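In what follows, a structure is listed as structure tokens, so that the remarks can point back to it.
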Protein chains: 2
Amino acid sequence: MQSSDEPPYHHGNLRAALIAAADAIIAEKGIEGFSLREAARRAGVSPGAPAHHFGTAVGLLTEVALLGYASLGAALNAVPITDDPATDLRAQALAYVGFALAHAGRFRLMFRPDLVNRDDPRYGAAATAALAGFAGTVARSSGGQGDGMAQVFVVWSSIHGMANLALDGKAQYLFDGATPQQFAAQILPDLLAKSWPFGC
Amino acid sequence: MQSSDEPPYHHGNLRAALIAAADAIIAEKGIEGFSLREAARRAGVSPGAPAHHFGTAVGLLTEVALLGYASLGAALNAVPITDDPATDLRAQALAYVGFALAHAGRFRLMFRPDLVNRDDPRYGAAATAALAGFAGTVARSSGGQGDGMAQVFVVWSSIHGMANLALDGKAQYLFDGATPQQFAAQILPDLLAKSWPFGC
DNA sequence: ATGCCCATCTTAACGCTGTTCAGATGCCAA
DNA sequence: TTGGCATCTGAACAGCGTTAAGATGGGCAT
């Protein structure tokens, strides 16, 4: 009996191994570099093995996307809450964009409807759970006035749009060829403080 | 001699035929339903034929994406300009989201860095040209105060985020299971007028 | 008008992909 | 110990993008 769970047993906890392998591939090569066969290869099993655990490739990728929402939620929950909702909103926006750039593969996967099973009830739950703290900040920021859902949508859209544009290199075009990382670290904080309507 | 250019000549204006076929496939099945071989099939040529005109599949898809930016620009330029920049901004936002939903395949392709050759100089030019009128509205809206680039980025992010969230069915989750089309037609206009900070 | 050149397209092949299915494997419970 | 059954293998299939060698024929120089 080994203390490590690397080569677990006869065949082992293949399910977890495949999820980890898929996540690693996506982190290394991006979502377009993923292939089910390579995930199987890394887990040391035959190409047909994943089918029994996940059905299809979408089944496996859905699990990775669920992990992605969990880690996004963790990143958002990690920002300290102050008594100024606007400050918190800026910090959460920065965390959101930072997560998208730091885990580009995961982030892209999370919003790829063709690669994820949206009918899985855990999917919607994971998304709302990830944004729960963020929705709370929006509610505190508005003081309960106005349409709550609309406000969450508007603020989320703004942050999500910044993340996507930065990820796709569009910010690079507007801001003197700054890389996405330079943009997030140097330009975005000032921008949120001075030009972002939700940052007061 | 035929008046129609359908089966043009010996082999014909294959380049245009392939672009049209690719655009049609994407409109029918979405970007994930595209395949280079099917585009060749529809154009009535062998699988290897596109290579000479576009090099790789990305070459062909880049052309379709350029058409996409042109049509997005046309949609944005089609909104009438009033003397109230906030009104214009709302109308342009509605047009942007409407375009994304009406031409989902094109729109998704336009922001897929793995399917488009970002090094093509026409690509950046097409993107900025499409947003030129929009950037003008932002400038009029701010009265020339503040960082222009930052303002364009912030407003564009907001609109782009709404389009993406609507397209991915996230709005569906926040607004009582409304379909993307219902959302754009019934919910979004009110939302832009009442909860959108750029709509005054 | 004729002949050559060269862009264009075909055919065939390579290696890769996701998925399926019959059969082998070996753990766990009885 | 033995049977049942979840698990995994190995091979196959169709489809994909891309490449290379060869056929095809239109347009240009002569």
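Throughout, protein chains are lettered first and strands after them, A, B, ... in sequence-line order, and every chain is numbered starting at 1. Quantities reported herein were computed from a predicted structural model and do not represent experimental measurements.
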Whole angstrom is fine here: how far is it from [atom1] in [X] over to [atom2] in [N]?
X	N	atom1	atom2	answer
A:His52	C:dG23	NE2	P	17 Å
B:Asn13	C:dA7	CG	C1'	15 Å
B:His53	C:dA7	NE2	C1'	9 Å
B:Leu14	D:dT24	CG	P	18 Å
B:Ile31	D:dC16	CD1	C1'	15 Å

With the side chain counted from C-beta on, respond yes when B:Phe54 and B:Leu36 share a heavy-atom pair under 4.5 Å apart, and no when they do not.
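SC-SC contact between B:Phe54 and B:Leu36 ruled out.
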Using the side-chain heavy atoms of B:Ala51, tell me which of these nucleotides is nearest: D:dT19, D:dT9, C:dT10.
D:dT19
Ion pair A:Asp114/A:Arg112, N-O distance below 4.0 Å:
yes
Test: B:Arg108 and B:Asp168 ion pair at under 4.0 Å:
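Judged by the 4.0 Å cut-off on N to carboxylate O distance, B:Arg108 and B:Asp168 do form a salt bridge.
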5' priority, DNA chain D, between B:Pro47 and A:Gly44 [closest heavy atom]
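Residue closer to the 5' terminus by nearest nucleotide: A:Gly44.
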Checking the side chain of B:Thr56 only, and the main-chain atoms of B:Gly59 only, is there a donor and an acceptor separated by less than 3.5 Å?
no
Can you tell me if A:Asp120 and A:Thr62 form a side-chain donor-acceptor pair at under 3.5 Å?
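No, A:Thr62 and A:Asp120 have no side-chain donor paired with an acceptor closer than 3.5 Å.
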Going by atom types only, do A:Thr179 and A:Gln172 share a side-chain donor-acceptor pair under 3.5 Å?
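Result is no, nothing qualifies.
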What are the atom names and distances for every N/O pair under 3.5 Å that joins the protein to nucleotides 14-18 of chain C?
from: C:dT17; atom 1: OP1; to: A:Ser35; atom 2: OG; distance (Å): 3.1
from: C:dT17; atom 1: OP2; to: A:Arg41; atom 2: NH2; distance (Å): 2.8
from: C:dG18; atom 1: OP1; to: A:Leu36; atom 2: N; distance (Å): 2.5
from: C:dG18; atom 1: OP2; to: A:Leu36; atom 2: N; distance (Å): 3.2
from: C:dG18; atom 1: OP2; to: A:Arg37; atom 2: N; distance (Å): 2.9
from: C:dG18; atom 1: N7; to: A:Arg37; atom 2: NH1; distance (Å): 2.4
from: C:dG18; atom 1: O6; to: A:Arg37; atom 2: NH1; distance (Å): 2.9

